[in-house]
2 protein chains.
Amino acid sequence: MERGPRDDRAEAATDEALRALAEPRRRAILRLVARRELAAGEIAAEFEVTRTAVSQHLTVLKTAGLITERREGTRRLYRARPEGLDGLRQFLDDMWASSLDTARRLAEAERGLTGDGLPATG
Amino acid sequence: MERGPRDDRAEAATDEALRALAEPRRRAILRLVARRELAAGEIAAEFEVTRTAVSQHLTVLKTAGLITERREGTRRLYRARPEGLDGLRQFLDDMWASSLDTARRLAEAERGLTGDGLPATG
DNA sequence: CGATTGCGTCAGTCATCACTAACGTTAGCG
DNA sequence: CGCTAACGTTAGTGATGACTGACGCAATCG
């Protein structure tokens, strides 16, 4: 099982999205802009931290590909970018499928106790 | 849209799972034990960090409900726990759905330019 | 019984990160 | 032009967290 450069890039994208989502405030922001497009100031008004902090969170989310920015005069409007979650959903689905498969194999082996062995799948 | 204690617990669970998955090494460990059940030592042998570090990662994953531990003699066998990902998958699906919906509404408003207004959905 | 194997836990270190205050920048108004 | 509004950016700080070495503990072997 080799890991090609495409996997690495997918991993990097997943890693950035995951790190971005691991912060509660960023998830809250993402929930806001998932519901409707909002300006930076409107987003900041929803929280009790500085606009600076919110701005930095927005940068992280944008870099991770989870939101998009659109300028309108002096304002900057943000909205969620659903495709940014695709890699993550793929990752979770794969993990879920293989975990469930392993659990099934283990349950079956325990029921039969045939000493199956599972001779080093990898 | 009120937030009940059940939502808070769901958020807490999602938060722990997310924080656990935000670490590349922990994802690698999870991928290993998703494929087959492994002992702590076998897992540690796959990486170039100390067994201590791996053990702490396993603790985090276990606390987050992403893996289960089973003792066999002096060994401890770990495997992925698929249900641990359920909350996260729900979160991502919800986010994806509302993001897509908002994107559609925005695209439609721009096409028609009817000055729809979107009078404060929340 | 003592020795070894297979782990987890504790204490300490270094890097990362979320946050704030101050400053820089661009768009509109008089 | 100057002035304000709405932002992003930079420098610095405190807390979190990933890691290592030393130690502790249960299970097995002689």
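Proteins come first, then strands; the chains are lettered A, B, ... in the order of their sequence lines, and each starts at number 1.
Under a hydrophobic clustering in which Ile, Leu, Val, Met, Phe, Trp and Tyr are joined whenever their side-chain heavy atoms come within less than 4.5 Å, directly or via other members, A:Leu38 and B:Leu100 fall into the same cluster. Tracing side-chain contacts under 4.5 Å through hydrophobic residues (I, L, V, M, F, W, Y), one never reaches B:Leu77 starting from B:Phe47; they form parts of separate clusters.
Per the geometry, CZ belonging to B:Phe47 stands 10 Å off P belonging to D:dC19, to the nearest Å. Separating the CZ atom of B:Arg27 from the C1' atom of D:dA18 is a distance of 14 Å, rounded to the nearest angstrom. Between A:Arg76 atom CZ and C:dT26 atom C1' there is a gap of 8 Å when expressed in whole angstrom units. Nucleotide C:dC7 holds its C1' atom 16 Å from the CZ atom of B:Arg70, rounded to whole Å. For the pair B:Ile67 CD1 and C:dC7 C1', the interatomic distance rounds to 14 Å; values are reported in whole Å. B:Leu58 places its CG atom 6 Å from the P atom of C:dG8, with the value rounded to the nearest Å. Counting to the nearest Å, the P atom of D:dT9 and the CD atom of A:Glu69 are 9 Å from each other. Atom CZ in B:Arg51 sits roughly 17 Å away from atom P in D:dC25 (whole-Å rounding).
Closest to the side chain of A:Arg19, from the set C:dC7, C:dC17, D:dG8, is C:dC17. Of the candidate nucleotides C:dG6, C:dT9, D:dA18, C:dG6 has the atom lying nearest to any side-chain atom of B:Arg75. Nearest to the side-chain atoms of A:His57 among the listed nucleotides D:dC7, C:dA18, D:dT20 stands C:dA18. For A:Thr59, whose side chain is taken as the heavy atoms from C-beta onward, the closest listed nucleotide among C:dT5, C:dT20, D:dT9 is D:dT9. Among the nucleotides C:dA21, D:dA18, D:dA22, the one closest to the side chain of B:Thr52 is D:dA22. Comparing D:dA27, D:dG8, C:dA18 by their nearest atom to the side chain of B:Thr74 picks out D:dA27. For A:Ser55, the listed nucleotide lying nearest its side chain is D:dT9; candidates were C:dT5, D:dT9, C:dT9.
Using a distance-only test at 3.5 Å, with no hydrogens or angles considered, no donor-acceptor pair links the side chain of A:Ser98 to the main chain of B:Arg35. Panel note: side chain B:Ser55, backbone B:Arg51; no donor-acceptor pair is recorded below 3.5 Å. Here the side chain of A:Arg26 pairs no donor or acceptor atom with the backbone of A:His57 at under 3.5 angstrom.
Residue contacts for B:Arg71: at a heavy-atom cut-off of 4.0 Å it reaches no nucleic acid atom on any strand shown. Residue A:Ala40 is classed as a sugar-phosphate contact, given heavy-atom separations below 4.0 Å to backbone atoms only. Backbone-only engagement by B:Arg25 is indicated by non-hydrogen atom pairs under 4.0 Å involving sugar-phosphate atoms exclusively. Note on B:Gln56: a base of the nucleic acid sits closer than 4.0 angstrom, heavy atoms only. Contact annotation for A:Tyr78: backbone-only contact, meaning every heavy-atom pair under 4.0 Å involves sugar-phosphate atoms and none involves a base.
For residues 90-103 of chain B, every residue pair satisfying the salt bridge (Lys or Arg N to Asp or Glu O under 4.0 Å) rule, not counting sequence neighbours, is listed here: A:Arg89-B:Asp93, B:Asp101-B:Arg105.
The residue among A:Gly73 and A:Arg26 whose nearest nucleotide of DNA chain C is located toward the 5' end is A:Arg26.
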